[in-house]
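Convention: sequence-line order gives letters A, B, ...; per-chain numbering from 1. Values reported hereafter were calculated over all heavy atoms of this structure, with side chains retained and with hydrogens, waters and symmetry mates removed.
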Amino acid sequence: DAGITQSPRHKVTETGTPVTLRCHQTENHRYMYWYRQDPGHGLRLIHYSYGVKDTDKGEVSDGYSVSRSKTEDFLLTLESATSSQTSVYFCAITGGGGETQYFGPGTRLLVL
Amino acid sequence: AQSVTQLDSHVSVSEGTPVLLRCNYSSSYSPSLFWYVQHPNKGLQLLLKYTSAATLVKGINGFEAEFKKSETSFHLTKPSAHMSDAAEYFCVVSLGSNDYKLSFGAGTTVTVRA
């Protein structure tokens with residue numbers, strides 16, 4: 001299994017507060033991704049990174065920002081959480097096959 | 001643009017009977033296609049991957065999928081369902097970009113009856 005951890009695994013927060021989720025990899029892979037999973041939508045890409053300090057937007061990036069200051073860590077920040085951001089968040093990295101992505105265990109976020 | 005459509009949101013089978021999960025893709029070129037499985041409250045696990053080497057792809061846990069270009073399909077099958085196959089399954093297509101982005105289907109939930 002790819003070495004990917006996410007923290008926290010569960011988070012309850014209030015509307016308007018900032019939240020940061022962390023993805024940590026031990027595989028030294030260049031590409032990292034943040035997705036959200038909602039019923040009926042599969043997984044949707046929020047942001048991704050193609051190297052240290054190199055990031056780009058995905059299809060549902062509004063309300064989210066990311067940072068990658070070192071290869072192993074990719075942070076997702078909700079600047080001011082809203083109830084619509086209640087979701088399960090997954091981090092992924094590319095494995096040895098290039099296109100194949102390997103996923104972390106997920107973070108379940110509830111915004112009240 | 002590349003996309004996938006999973007034709008069934010829910011499939012229910014009896015233990016020991018075949019499983020068929022249907023996926024159609026849309027792509028302007030020969031894509032890479034994947035099936036992932038997600039067990040309850042778990043992350044996603046790669047079941048199998050098609051990259052044009054062979055049209056019939058064998059994966060883990062007895063699953064296989066066949067790439068049919070003429071039908072733009074990539075259906076997932078298993079000859080005999082087991083209780084442990086109860087999960088959500090995602091058909092996924094590569095967007096073919098240099099940054100290896102993927103597009104996910106909406107998912108098919110499989111329940112297995114004893």
Counting neighbours of CD on A:E14 that are heavy atoms of other residues, nucleotides or ligands and sit closer than 6.0 Å, is the number greater than 12?
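No, because the 6.0 Å sphere around CD of A:E14 holds 12 heavy atoms or fewer from other groups.
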Treating Ile, Leu, Val, Met, Phe, Trp and Tyr as nodes and any side-chain heavy-atom pair under 4.5 angstrom as an edge, say whether [X] and [Y] lie in one connected cluster.
{"X": "B:W35", "Y": "B:V11", "answer": "yes"}
{"X": "A:L76", "Y": "A:V19", "answer": "yes"}
{"X": "B:F67", "Y": "B:L21", "answer": "yes"}
{"X": "A:I46", "Y": "A:F103", "answer": "yes"}
{"X": "A:L78", "Y": "A:V60", "answer": "yes"}

Within the 4.5 Å heavy-atom criterion, are A:Q101 and B:Y36 side-chain neighbours or not?
yes
Quick one, A:I93 and B:Y100 - any side-chain contact, counting heavy atoms below 4.5 Å?
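No, every pair of side-chain atoms sits at 4.5 Å or beyond.
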Bottom line for A:Y50: the part with an atom under 4.5 Å from chain B's heavy atoms is neither
Okay, A:L45 and chain B: the region with an atom under 4.5 Å from a heavy atom over there is side chain
Ignoring hydrogens, what is the shortest heavy-atom contact between [X] and [Y]? Give both atom names and the distance.
{"X": "B:K101", "Y": "A:Y48", "value": "CD-CE2, 3.6 Å"}
{"X": "A:L43", "Y": "B:F90", "value": "CD1-CZ, 4.2 Å"}
{"X": "B:D99", "Y": "A:Y31", "value": "CA-CE2, 3.6 Å"}
{"X": "B:A106", "Y": "A:G40", "value": "CB-O, 3.5 Å"}

When only pairs under 4.5 Å are counted, which of B:L46, B:L95, B:T109, B:L102 shares the most heavy-atom pairs with chain A?
B:L102
Select, from B:S9, B:G107, B:S32, the one with the greatest count of heavy-atom pairs under 4.5 Å involving chain A.
B:S32
Pick from A:R108, A:Q6, A:R30, A:Q37 with the largest number of heavy-atom pairs that fall under 4.5 Å of chain B
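Maximum pair count with chain B is reached by A:Q37.
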Measuring heavy-atom distances to chain A, does B:Q38 have an atom under 4.5 Å in its side chain, in its backbone, in both, or in neither?
side chain
